[in-house]
Amino acid sequence: MEFAKVVRKRRMVRRYDADRPVPPEIVEKLLRHATHAPSAGFSQGWAFLVLQTPQERELFWTSTAGKRKQLRSWLDNMRTAPLIIVALSNKSAYLERYAEPDKGWSDRDEARWPVPYWDIDTGMASLLMLLTAVDEGLGACFFGIMPEQIDEFKTAFGVPAAYTPVGAVSVGYSQDDDLRTSARRGRRPLDEVVHYGHWKSPDTLS
Ligand SMILES: Cc1cc2nc3c(=O)[nH]c(=O)nc-3n(C[C@H](O)[C@H](O)[C@H](O)COP(=O)(O)O)c2cc1C
């Protein structure tokens, strides 16, 4: 698919054809593309937990549901996804990479980092999976795991302490025709979010 079309077509899909698994070659492509994301210092401090069997997926939903149990229709719809890929970041991989001689931050001081690049890079990898799904004729949704559920999720899947789930990407053939409340807010126009050369003063904003 043409790249601009992939970008424009991508919307979060929250209901899937439960009887249509994602072909293994597409699962592989999603993961390969994810690892082509940029990363600070080429640290690549990310990991991807791939959940495909009904048992693995059920454990994911039960360990992460928490307060989302109250969002029954959201959960019921999301549960139709035949594939879930959890994207995790590893902060210590970045601190170690930047302590190497070519970077020289041997104190591993987190105050040196303007923003948590470990999470940002994992987010970029997730976006590549979202776009790859569209390019392959599938739908996907990136969603967060609530903070109070993270320990339960990590224990359920034996995730090492150093890794933090940045988000999960559900993937499958779309059966979603609904535009959620948040998407109905509409896209902010360019002239509201872009500042050429100098920040616009508030009185120049209409
Ligand atoms: C960091 C992040 C977290 C999100 N968390 C959730 C979530 O927990 N549940 C959900 O249904 N959608 C989630 N979304 C999807 C957004 O609601 C969605 O991207 C937004 O409404 C715009 O719609 P679109 O992506 O379909 O264009 C998340 C998106 C991002 C980028």
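Atoms within a ligand are numbered from 1 in the order they appear, just like the ligands themselves.
Considering both main-chain and side-chain atoms, Met146 never comes within under 3.5 Å of ligand 1 through any nitrogen or oxygen pair. Considering backbone and side-chain N/O of Met12, one or more are found under 3.5 Å from N/O of ligand 1. The distance criterion of under 3.5 Å between nitrogen or oxygen atoms is met by Arg14 with respect to ligand 1.
Ligand 1 lies less than 4.0 angstrom from a heavy atom belonging to Gly144. At least one heavy atom of Arg10 lies less than 4.0 angstrom from ligand 1.
For ligand 1, the atoms lying closer than 4.0 Å to a non-hydrogen atom of Trp74 are 9 (N), 10 (C), 11 (O). Atoms of ligand 1 lying under 4.0 Å from at least one heavy atom of Phe143, given by number and element, are 5 (N), 6 (C), 7 (C), 8 (O), 9 (N).
At a heavy-atom distance under 4.0 Å, only side-chain atoms of Arg68, from C-beta outward, approach ligand 1.
Side-chain contact, Gln149 with Glu152: a donor N or O sits under 3.5 Å from an acceptor N or O. No side-chain donor from either of Tyr16 and Ser174 sits under 3.5 Å from a side-chain acceptor of the other.
Tyr117 forms part of a hydrophobic cluster together with Tyr94, Leu95, Tyr98, Trp105, Trp113, Val115, Trp118, Ile120, Met124, judged by ILVMFWY side-chain heavy-atom separations under 4.5 Å.
Within the 3.5 Å criterion, the main-chain N or O of Gln52 finds a donor-acceptor partner in the side chain of Arg57.
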